[in-house]
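The chains referred to below are lettered A, B, ... by the order of the sequence lines, with proteins before strands, and numbering in each begins at 1.
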There are 2 protein chains.
Amino acid sequence: MRTVFWEDNRVKMIDQRLLPAEFVIAEFNSVDGVARSITEMYVRGAPAIGATGAYGMALAAQVSTASSRDDLLADLRAAKDVLDAARPTAVNLSWATRRLLEVAEQTVTDNVDDLRSALLAEAETLADEDVAINRRMGFNGAAVIPDGANLLHHCNTGALATVDFGTALGVVFACQEQGKSIHVWVDETRPRLQGARLTAWELMNAEIPMHLIADNAAGHLMRAGKVDVVIFGADRIAANGDVANKIGTYKLAVVARENGIPVYCVAPTSTVDLNLPDGDHIPIEERGDDEVIHLGDTLIAPAGVPVYNPAFDVTPHRYITGIVTEEGICYPPFTQSLKNAVNAAQEKIVENRLKRKK
Amino acid sequence: MRTVFWEDNRVKMIDQRLLPAEFVIAEFNSVDGVARSITEMYVRGAPAIGATGAYGMALAAQVSTASSRDDLLADLRAAKDVLDAARPTAVNLSWATRRLLEVAEQTVTDNVDDLRSALLAEAETLADEDVAINRRMGFNGAAVIPDGANLLHHCNTGALATVDFGTALGVVFACQEQGKSIHVWVDETRPRLQGARLTAWELMNAEIPMHLIADNAAGHLMRAGKVDVVIFGADRIAANGDVANKIGTYKLAVVARENGIPVYCVAPTSTVDLNLPDGDHIPIEERGDDEVIHLGDTLIAPAGVPVYNPAFDVTPHRYITGIVTEEGICYPPFTQSLKNAVNAAQEKIVENRLKRKK
């Protein structure tokens, strides 16, 4: 099943906050609700957030009471602002909402119901494309994973982080499909434990050999020669190849380079933000104290302790061996290779849109 | 109050497993019990484990039914084996038990009660020395901490990790006594959260400015220029200056060097193992899955997930700026500076023992 989908005029999604203990489908019938599902992390992972934003725009059109094209466009622009503000770091969100808004702006009709249909169709297309893109990306990445490799993986980048299949974990699934024997060291990924809760769950379900580790153990494994490739996703990639990803990625990448271990970032071109020259321009979300000091109902630090909790960090491009996209693997100099990949992907979107119109 | 102490013919200690939620004094009246208090981490921290081992030897003498010197020595040797096996990495444990056994071997008397008294006196001396050593070490280290510094600290190295005052946190306490304005970033230190549970508690009690962070956030802070010094303790230091310390120390040290941030290890000379040429010879304890997958009663990963849980890692000496001991700060080449410090400390122990005999 998909992580996020449209059904009965609602946006539905797996409530990832409850996994692996409970499997619950949450549903939202308002733009505010969809924004909250992103902020409160019912859904997370840059591509999944993008698809959720697209469905949120489709929902905005459905629930809008506008009877004119101009009024509907105004409602859509307002909805885009609400959705884009849900989380600041992943660029896929504004990439998707902009794409939906452009469809509305470019669809020349005064029939608002036709506009509503066009938006829902575009959201479904974007979700379908996400799955197709992830499969291409997975097999592109699998080409650089040797048979028998030990991978070290951070956060969750699987089916749950996307509409389906995943980004960095998509590479792992592609290796499995190719019959490669691989083993994954799974960083638990404090503070929200996406590795322990989600990646471990996905890999166990897929029967892929793995061990869960505290994030602190990753360096020890690398120094001991027990890691062949470090692999992770991205929430935003600047034009020069600097990568914003889940907090802790930077430490991993530095220690990997120190030990001569290749580092691959796996992300669709929708994660690339060519408007930002480098990673220092990427906004880094700071989240609440609660994520660090509570675990379920258990208080794991003294009450009232001051906390600093950035959700992401930036890994400068010099620590990254390659960025795996649906258009192939980008290598340094990233400024050129990323631009080529983004352009190729954008051409495909336009081409497909024209094909569907015919 | 002290972390571990002798009272009513028992070894008593703060049960650190329960902090900060509960403050409980545990007590043990058998050698097996004392060994269990170390294995199960009622008490932890290399110097505190050393003092516990010393008291364990004193207890072994008290509870022994031996009526001859030879029988008592046999019981002590057996007790040393039991205690030394409690945890493998920290060398302070076998250093302390050996010191106690040597006192028994060198005390020329056939009166077993005199031997019992000599052992208890030596354990008390070792505990007193630990506090005095930590204060000296703290002020030695404070000399390299600038006023206004932001320190990044891993695990717990405070009063709780020693008999009192601490090693790396002793440096922090010394800075406070000197009126320096400092701020500490506290690594929560997964999996056992000694930073969140113990270091945060000690610093809040001492009213030292601090923020708790997920271990993953440390790199982000270093790259942002918000860390002036990285500071931690040690469980064993090889002759060449390679340091075994709490898992995650290696990653921290590598990222610190990458960012030009000085890295100080703070440990008494009893942590130095001149018999080991380098860190690759230090045994690394692997602990149970439970530490990674449970938090209190909460299961934080899928049931049955395979786990790898090393408790320590080794930081090669090239990442370490200086090793702060009670005999001053050792700088590279560590092979020479550490040997000098150990010899100076050893001479003081012998000198003090002769003084007390007079």
What one should report as the nearest heavy-atom pair of Ala301(B) and Leu212(A) is CB-CD2, 3.7 Å
Working to the nearest 0.5 angstrom, can you tell me the gap between Leu193(B) CG and Thr298(A) OG1? 11.0 Å
Distance in Å, Leu295(A) CG paired with Ile300(B) CD1, rounded so as to fall on 0.5 Å steps: 5.5 Å
Between Ala200(A), Ala218(A), Gly219(A), Ala303(A), which residue shows the highest count of heavy-atom pairs closer than 4.5 Å to chain B? Gly219(A)
Non-hydrogen atoms of chain A under 4.5 Å away: do they reach the side chain of [X], the backbone, both or neither?
| X | answer |
| --- | --- |
| Leu203(B) | neither |
| Pro209(B) | neither |
| Asn259(B) | side chain |
| Leu221(B) | side chain |
| Pro302(B) | both |
| Ile284(B) | side chain |
| Met210(B) | both |

Just to verify, what does Ala206(B) make a side-chain contact (heavy atoms from CB on, under 4.5 Å) with, not counting sequence neighbours? Phe173(B), Gln176(B), Ile208(B)
Contact between [X] and [Y] at the side-chain level, heavy atoms closer than 4.5 Å - yes or no?
| X | Y | result |
| --- | --- | --- |
| Tyr250(A) | Val255(B) | yes |
| Asn216(A) | His154(B) | yes |
| Val305(B) | His211(A) | no |

In residues 307-314 of chain B, which residues are in contact with chain A at a heavy-atom separation under 4.5 Å? Val307(B), Tyr308(B), Pro310(B), Phe312(B), Asp313(B), Val314(B)
Is the shortest distance from a Lys or Arg side-chain nitrogen in Arg223(A) or Asp280(B) to a carboxylate oxygen in the other one below 4.0 Å? yes
Please identify, among Gly304(B), Ala224(B), Ala196(B), the residue contributing the most non-hydrogen atom pairs under 4.5 Å to chain A. Ala196(B)
Please determine whether side-chain contact (heavy atoms from CB on, under 4.5 Å) holds for the pair Glu188(A) and Val292(B), giving the CA-CA distance in whole Å, both sets of side-chain angles, and the decisive distance to 0.1 Å. CA-CA 9 Å; Glu188(A) 64 173 3; Val292(B) 176; 4.1 Å; yes
Sub-3.5 Å donor-acceptor pair from the side chain of Lys251(A) to the main-chain atoms of Asp215(B), do we have one? yes
Begin with the C-alpha distance, continue with both residues' side-chain angles, and end with the deciding distance and a verdict on side-chain contact (heavy atoms from CB on, under 4.5 Å) for Val254(B) and Met222(A). CA-CA 12 Å; Val254(B) 169; Met222(A) 289 196 260; over 6 Å; no
